[in-house]
Enquirer: 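If you scroll down you'll find the structure; I have some questions about it.
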Amino acid sequence: MTPEQLSAEIAQCLKAAVAAQVLPSMAAEVEVVVERPRSREHGDWATNIAMVLAKPAGLSPRDVAADLVLRIEKLAGVKSANVAGPGFINIFIDPAATAQLAVQIIAKNNTYGTSNLLNGQTINVEFISANPTGPLHLGHTRWAAVGDAIGRVLAAAGANVVREFYINDRGVQMQKFAQSILATIKNEPIPEDGYQGDYIADLAAQVQISLPNLLDMNDADQLDAVLTQGYAVQLKQQQDSLLSFNTKFDIWYSELAMHEAGKVVHALKVLEQQGHIDNRDGAVWLRTTDFGDDKDRVLVKSDGEYTYFASDCAYYIDKRERGSSKCIYLLGADHHGYVNRLRAVAACAGDNPDENIEVLIGQLVKIMRNGEEVKLSKRAGDLILLTDLVEAVGVDAVRYSLIRYPVDTPLLLDFDLMTSRTNENPVYYVQYAHARINALLNTAAELGINWEHGELAFVPQLLAGPAEQDLLAQLAQFPAVVATSAELREPHRIARYLEDLATGYHRFYDSCRVLPAADQAVSELNIARLHVCRATQVVIYNGLQLLGVAAPERM
RNA sequence: GCGUCUGUAGCUCAACGGAUAGAGCACCUGACUUCGGAUCAGGCGGUUGGGGGUUCGAGUCCCUCCAGGCGCACCA
């Protein structure tokens with residue numbers, strides 16, 4: 001029995017109470033929240049529904065609860081229920097009903113945890129969107145891990161997810177980029193406002209190899225050729241490093257190509273038709289102040305050039321026209337000033353900002369070691385590069401360390417902890433549980449135990465011990481955790497859940513012998529516990545998949 | 001100045017308005033002749049930055065003060 005199943009059953013009880021005129025008709029509409037109480041004395045599950053309904057029903061919470069308890073106690077699988085405290089309903093489940101879940105999880109396998117919560121929604125998730133003028137650094141890495149996980153979690157909740165990387169390949173910074181590379185090739189000093197990192201020298205070397213005749217060209221052609229070539233090499237490097245980081249995009253979207261396809265002109269027409277364009281001081285403005293922005297924004301400068309903001313508008317409108325019902329932007333803390341204006345863009349385009357656009361802001365990450373900020377690389381000045389970090393720590397540990405915290409808090413990571421391959425590191429703790437189960441199941445197979453389809457049946461009432469029941473209750477919560485993570489865009493909840501689950505498993509393992517001892521025959525208890533192990537393995541595997549972290553069979 | 005995020009155990013952090021605020025690390029005790037000890041059990045540790053308010057109930061919501069991060073271009 002999962003909390004969702006219990007919640008649905010209680011909803012039926014509410015309908016019955018409405019029919020019996022104990023509760024007002026609105027009670028049939030309320031969502032029933034079922035939670036695992038912290039203390040086992042408070043039951044296997046509990047609901048606050050009586051306190052929610054008390055006021056509209058004009059009754060005391062305990063009276064509402066008393067009526068519902070009588071109905072809940074009659075549900076299949078429920079052992080008993082009672083009223084507690086201000087009006088909580090505590091519910092005790094028959095251990096066999098709880099244990100039955102193990103078989104269901106094994107049958108559902110990779111689909112256990114998925115839902116149809118977001119069915120029918122096409123959600124565009126845009127993240128990283130770094131300038132193609134340098135390597136990806138730590139800030140990008142946080143979004144690479146978390147953004148990718150958000151995409152996975154949304155998909156698990158039934159959404160059609162489009163992951164997109166917006167390439168800022170247009171504008172003066174590309175010129176500076178090309179100038180910096182060209183200057184390096186020519187052994188001239190890099191311009192004051194150019195790109196200074198050591199990586200420019202590497203790019204220059206590569207560009208030089210692919211452009212042997214570069215120095216025979218005239219100055220303008222040289223710059224063009226270097227820009228095209230340097231851009232290609234740098235973009236490829238970003239793409240490769242993300243691929244190796246297990247982060248995949250459906251669409252790499254070029255700002256330049258968008259301009260050339262006439263989408264900016266089109267967007268301006270759309271905004272014009274919606275009536276939010278002004279011509280002032282020789283420039284074209286979008287009246288974002290109509291929708292809560294603190295000042296209007298220029299789309300076309302008085303010299304006729306489009307602003308970057310014009311691209312933003314066109315990009316948003318294009319995402320919508322390509323079929324996304326919701327556009328999620330994952331931005332760094334230094335972009336939080338963009339939130340209002342992006343929402344205003346959606347409103348100016350005729351959309352509902354609360355419905356069609358969502359901006360998540362990720363705070364800064366720092367890595368500390370012995371009380372000092374770590375700077376792994378000198379190649380890009382003071383920045384830590386994604387590739388260097390992965391090399392030092394490993395993909396799984398980096399991804400997991402970044403995902404296990406909510407993004408709206410500034411993060412201080414401990415370098416030594418991330419690299420330690422011991423129990424101090426949560427990622428290995430979770431992975432170890434998975435590998436440990438794998439070893440156990442392998443041993444069972446070597447012993448010739450056919451636990452799934454053998455002669456001995458699965459007898460759920462044998463799994464009545466506290467460690468077994470706690471573990472099974474944890475397994476039951478997985479679908480709710482995935483759903484909450486999707487709704488709140490918070491994959492860290494899955495990581496925390498997996499850590500608790502791993503603890504639950506290790507506890508179970510410690511107190512419940514799974515395999516028969518050397519001189520013993522296989523018993524129904526062994527079979528039942530093997531089901532618990534396999535079900536746990538399925539959930540850990542599914543959970544780690546959602547985070548893009550490997551579930552190793554051995555470590 | 002305006003906006004925004006943050007403030008929870010010695011450290012790093014959890015807790016979608018629920019019951020006695022939880023983990024890991026650190027420190028101290030314990031547990032293997034059999035399934036992976038990368039494990040488990042126990043202990044120590046808190047005025048949730050301060051003060052008001054909202055309600056059956058507040059770390060969580062509102063107001064205010066304090067402290068810190070980030071941002072406030074006809075740049076991209």
Side-chain angles (χ1 to χ4, degrees), chain A residues 33 35 37-39 41-42 46-48 51 54-55 60-62 84-88 90 131 133 168 170-174 176 255 280-285 294-295 297-303 305 307-309 311 332-340 361-364 368 371 404-406 408-414 416-417 420-426 428-429 431-433 435-444 447 467 480 483-485 487-488 490 492-493 495-496 499-500 502-503 505-520 526 529-530 533 554-555:
Chain A
V33 177
E35 289 179 328
R38 198 168 289 117
S39 160
E41 295 165 19
H42 294 148
T47 178
N48 63 352
M51 290 180 284
K55 190 169 273 183
S60 83
R62 291 190 63 99
F88 288 101
N90 293 334
N131 286 345
T133 54
N168 299 135
R170 180 184 169 276
V172 297
Q173 91 279 0
M174 293 303 289
K176 290 178 187 168
E255 182 190 4
R280 271 203 320 264
D281 309 328
V284 180
W285 299 70
D294 52 358
K295 58 189 79 161
R297 307 287 168 181
V298 172
L299 291 164
V300 186
K301 295 190 273 180
S302 50
D303 64 3
E305 283 289 313
T307 60
Y308 184 81
F309 180 66
S311 295
D334 54 345
H335 284 70
H336 79 257
Y338 287 39
V339 176
N340 278 339
I361 298 297
Q363 299 294 326
L364 204 74
M368 305 295 280
R404 80 185 279 270
Y405 305 99
D408 54 6
T409 123
L411 185 53
L412 217 57
L413 290 176
D414 181 334
D416 296 316
L417 185 60
S420 95
R421 305 185 61 86
T422 68
N423 59 343
E424 298 163 23
N425 196 332
Y428 297 118
Y429 181 77
Q431 288 183 321
Y432 175 69
R436 200 182 201 191
I437 294 170
N438 193 67
L440 191 69
L441 294 177
N442 281 343
T443 307
L447 293 173
T484 303
S485 295
E487 276 179 323
L488 302 177
E490 292 184 343
H492 77 273
R493 289 169 187 276
R496 300 294 172 153
E499 290 165 29
D500 288 344
T503 297
Y505 179 75
H506 289 311
R507 258 180 207 162
F508 156 80
Y509 181 92
D510 214 57
S511 64
C512 300
R513 169 89 199 179
V514 176
L515 296 175
D519 53 347
Q520 301 280 313
N526 299 136
R529 286 177 175 170
L530 278 162
C533 291
R554 66 182 67 82
M555 310 174 53

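Just so it is clear: chains get the letters A, B, ... in the order the sequence lines come, proteins before strands, and each one is counted from 1.
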Enquirer: What's the closest nucleotide to the A:Asp510 side chain, out of B:rC40, B:rC75, B:rC56?
Expert: B:rC40
Enquirer: Does B:rC40 have OP1 or OP2 sitting under 4.0 Å from an N or O in the side chain of A:Tyr432?
Expert: no
Enquirer: What nucleic acid atoms does A:Ala46 come within less than 4.0 Å of, heavy atoms only: base, sugar-phosphate, or nothing?
Expert: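 Base, at least one base atom sits under 4.0 Å.
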Enquirer: I need the NZ-C1' distance between A:Lys301 and B:rC75, as an integer number of Å.
Expert: 7 Å
Enquirer: Looking only at atom C1', what distance separates B:rU60 and B:rA21, rounded to whole Å?
Expert: 11 Å
Enquirer: Which value, in whole Å, describes the distance between the C1' atoms of nucleotides B:rU55 and B:rC62?
Expert: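 Straight-line distance between the two C1' atoms is 13 Å.
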Enquirer: Heavy atoms under 4.0 Å, any strand shown: does A:Pro61 hit a base, just sugar-phosphate, or nothing?
Expert: nothing
Enquirer: With no angle test and no hydrogens, is the base of B:rA19 tied to the side chain of A:Asn90 by a donor-acceptor pair under 3.5 Å?
Expert: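 Looking at the base of B:rA19, it does pair with a donor or acceptor on the side chain of A:Asn90 (distance under 3.5 Å).
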Enquirer: Roughly how many Å apart are B:rG10 and B:rU6, using the P atom of each and rounding to a whole number?
Expert: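 Comparing P positions in B:rU6 and B:rG10 gives a spacing of 22 Å.
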Enquirer: Would you kindly check whether a donor in the side chain of A:Arg513 faces an acceptor in the base of B:rU34, or vice versa, at under 3.5 angstrom?
Expert: yes
Enquirer: Base, sugar-phosphate, or nothing: which does A:Ala333 touch, judged by heavy atoms less than 4.0 Å apart?
Expert: sugar-phosphate
Enquirer: Do A:Arg404 side-chain atoms and A:Arg496 backbone N/O form a donor-acceptor pair below 3.5 Å?
Expert: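 Side chain of A:Arg404 to backbone of A:Arg496: no pair is present.
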Enquirer: Return the value, rounded to whole Å, for the distance between atom CZ of A:Arg170 and atom P of B:rC75.
Expert: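 After rounding, the reported distance stands at 12 Å.
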Enquirer: Whom does B:rC70 pair with, Watson-Crick or G-U wobble, provided both distances fall under 3.5 Å?
Expert: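 Here B:rC70 is engaged in a pair, and the nucleotide opposite it is B:rG3.
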Enquirer: Will you find, in the side chains of A:Thr133 and A:Gln173, an N or O donor that is under 3.5 Å from an N or O acceptor?
Expert: no
Enquirer: Would a distance-only check, ignoring hydrogens and angles, find a side-chain to backbone donor-acceptor pair under 3.5 Å from A:Thr307 to A:Leu299?
Expert: yes
Enquirer: Give the C-alpha distance, both sets of side-chain angles, the deciding distance and a yes or no for ring pair (Phe, Tyr, Trp, His ring centres under 6.0 Å) between A:Tyr432 and A:Tyr429.
Expert: CA-CA 5 Å; A:Tyr432 175 69; A:Tyr429 181 77; 8.1 Å; no
Enquirer: Check every atom of B:rG71, B:rC74, B:rC5 against the side chain of A:Asp408 and return the nucleotide holding the closest atom.
Expert: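 Closest nucleotide to the A:Asp408 side chain: B:rC5.
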Enquirer: Would you kindly check whether a donor in the side chain of A:Thr484 faces an acceptor in the base of B:rC16, or vice versa, at under 3.5 angstrom?
Expert: no
Enquirer: Working to the nearest 0.5 angstrom, can you tell me the gap between A:Phe309 CZ and A:Tyr338 OH?
Expert: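 So the gap between those two atoms works out to 10.0 Å.
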Enquirer: Could you state the atom-to-atom distance from CG of A:Leu488 to C1' of B:rC16 in whole Å?
Expert: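 My rounded result for the distance is 5 Å.
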Enquirer: By the 4.0 Å heavy-atom rule, please label A:His335 as base, sugar-phosphate, or nothing.
Expert: nothing
Enquirer: Report the residue (A:Asn340 or A:Asp303) whose heavy-atom-nearest nucleotide on RNA chain B is the more 5′ of the two.
Expert: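 Residue closer to the 5' terminus by nearest nucleotide: A:Asn340.
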Enquirer: Of the candidate nucleotides B:rU12, B:rA76, B:rG22, which contains the atom at the shortest distance from the side chain of A:Arg38?
Expert: B:rG22
Enquirer: From the options B:rC5, B:rC75, B:rA38, select the nucleotide whose nearest atom is closest to the side chain of A:Val172.
Expert: B:rC75
Enquirer: Contact class for A:Arg554 vs. all strands (heavy atom < 4.0 Å): base, sugar-phosphate, or nothing?
Expert: base
Enquirer: Considering only atom P, compute the distance from B:rA58 to B:rU20 and round it to an integer number of Å.
Expert: 11 Å
Enquirer: Using OP1 and OP2 only, check whether a side-chain N or O of A:Lys295 sits under 4.0 Å from B:rC74.
Expert: no
Enquirer: Answer yes or no on whether A:Arg436 is positioned over the face of A:Tyr509, meaning its NZ or CZ is under 6.0 Å from the six-membered ring centre and within 45° of the axis.
Expert: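 Satisfied, under 6.0 Å and within 45°.
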Enquirer: Pick base, sugar-phosphate or nothing for A:Leu364, based on heavy-atom distances below 4.0 Å to the nucleic acid.
Expert: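 A:Leu364: no heavy atom of the nucleic acid under 4.0 Å.
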Enquirer: How far does the P atom of B:rG59 sit from the matching atom of B:rG52, given to the nearest Å?
Expert: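 It comes out at 14 Å once rounded to the nearest Å.
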Enquirer: Do the side chains of A:Asn48 and A:Val33 get nearer than 4.5 Å, heavy atoms only?
Expert: yes
Enquirer: Which one is paired to B:rC13, where only Watson-Crick or G-U wobble pairs with both distances under 3.5 angstrom count?
Expert: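 With both distances under 3.5 Å, B:rC13 matches B:rG22.
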Enquirer: Just to be sure I understand the rule, does A:Gly85 reach a base, reach only the sugar-phosphate, or reach nothing, if contact means heavy atoms closer than 4.0 Å?
Expert: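 The residue A:Gly85 makes no contact with any strand.
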Enquirer: Using the P atom in both, what is the distance from B:rA67 to B:rG53, to the nearest Å?
Expert: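 Nearest-Å result for B:rA67 against B:rG53 at atom P: 24 Å.
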Enquirer: Look up atom CG in A:Leu440 and atom CG in A:Leu515, then write down how far apart they are to the nearest 0.5 Å.
Expert: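 These two atoms lie 4.5 Å from each other.
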Enquirer: A:Asp281 near the nucleic acid: base, sugar-phosphate alone, or nothing, with a heavy-atom cut-off under 4.0 Å?
Expert: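 The residue A:Asp281 makes base contact.
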Enquirer: Could you check whether A:Leu447 gets within reach of a base, just the sugar-phosphate, or nothing at all, counting any heavy atom under 4.0 Å?
Expert: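 No contact.
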Enquirer: For B:rG22 and A:Arg496 - does any side-chain N or O of the residue sit under 4.0 Å from the phosphate oxygens OP1/OP2?
Expert: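 For B:rG22, neither OP1 nor OP2 has a side-chain N or O of A:Arg496 closer than 4.0 Å.
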Enquirer: What integer number of Å spans the C1' atoms of B:rU54 and B:rU12?
Expert: 34 Å
Enquirer: With respect to the phosphate group of B:rA76, does any side-chain polar atom (N or O) of A:Lys176 fall under 4.0 Å of OP1 or OP2?
Expert: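 The answer is no; no side-chain N or O of A:Lys176 sits under 4.0 Å from OP1 or OP2.
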Enquirer: Can you identify which nucleotide, out of B:rC40, B:rA76, B:rG18, has its nearest atom closest to the A:Tyr308 side chain?
Expert: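 Among B:rC40, B:rA76, B:rG18, the one nearest the side chain of A:Tyr308 is B:rA76.
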Enquirer: Answer with base, sugar-phosphate or nothing: what part of the nucleic acid does A:Ser302 contact at a heavy-atom distance below 4.0 Å?
Expert: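 Result for A:Ser302 = base.
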Enquirer: Closest approach to the side chain of A:Arg507, judged atom by atom: which nucleotide of B:rG36, B:rA15, B:rA41 is it?
Expert: B:rA41
Enquirer: Among B:rG18, B:rC13, B:rA76, which is the nearest nucleotide to the side chain of A:Pro406?
Expert: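 Nearest listed nucleotide: B:rC13.
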Enquirer: Counting side-chain heavy atoms from C-beta on, which of B:rC35, B:rA76, B:rG18 comes nearest to A:Glu35?
Expert: B:rG18
Enquirer: Reckon A:Cys512 touches a base, only the sugar-phosphate, or nothing at all at heavy-atom distances under 4.0 Å?
Expert: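 The answer is base, as A:Cys512 lies within the cut-off (heavy atoms under 4.0 Å) of a base atom.
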Enquirer: Quick one: is B:rG37 close enough that its OP1 or OP2 comes under 4.0 Å of any side-chain N or O from A:His506?
Expert: no
Enquirer: In whole angstrom, what separates A:Asn425's CG from B:rA26's P?
Expert: 12 Å
Enquirer: Which one, B:rG36, B:rU34, B:rA76, comes nearest to the side chain of A:Ala435?
Expert: B:rG36
Enquirer: Checking only heavy atoms, does the side chain of A:Tyr509 share a donor-acceptor pair with the base of B:rA41 at less than 3.5 Å?
Expert: no
Enquirer: Check the phosphate of B:rC16 against A:Arg493, side-chain N and O only, distance under 4.0 Å to OP1 or OP2. Yes or no?
Expert: yes
Enquirer: Taking the C1' atom of each, how far is B:rG18 from B:rG57, in whole Å?
Expert: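 Nearest-Å result for B:rG18 against B:rG57 at atom C1': 7 Å.
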Enquirer: With a 4.0 Å cut-off on heavy atoms, is A:Gln363 in touch with a base, just the backbone sugar-phosphate, or nothing at all?
Expert: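 Base contact.
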Enquirer: Check whether the aromatic ring of A:His42 stacks on the base of B:rA19, taking stacking as ring centres less than 5.5 Å apart and planes within 30° of each other.
Expert: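 According to the criterion (under 5.5 Å, under 30°), yes, A:His42 stacks.
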Enquirer: Between the base of B:rG18 and the side chain of A:Asn48, is one N or O donor paired with an acceptor at under 3.5 angstrom?
Expert: yes
Enquirer: To the nearest Å, give me how far apart CH2 (A:Trp285) and C1' (B:rC74) are.
Expert: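 Spelled out: CH2 on A:Trp285 to C1' on B:rC74 is 6 Å.
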Enquirer: In whole angstroms, how far is the P atom of B:rG10 from the CE atom of A:Met368?
Expert: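 In whole Å, B:rG10 P and A:Met368 CE are 19 Å from each other.
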Enquirer: Nearest 0.5 Å please: distance from the CD atom of A:Glu490 over to the OG1 atom of A:Thr484.
Expert: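 Here the interatomic distance stands at 9.5 Å.
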Enquirer: Considering only B:rC35, B:rC56, B:rA14, which nucleotide approaches the side chain of A:Pro86 most closely?
Expert: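 Per side-chain heavy atoms of A:Pro86, the pick is B:rC56.
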Enquirer: How close do A:His42 and A:Pro37 get, counting heavy atoms only, and between which atoms?
Expert: O-CG, 3.5 Å
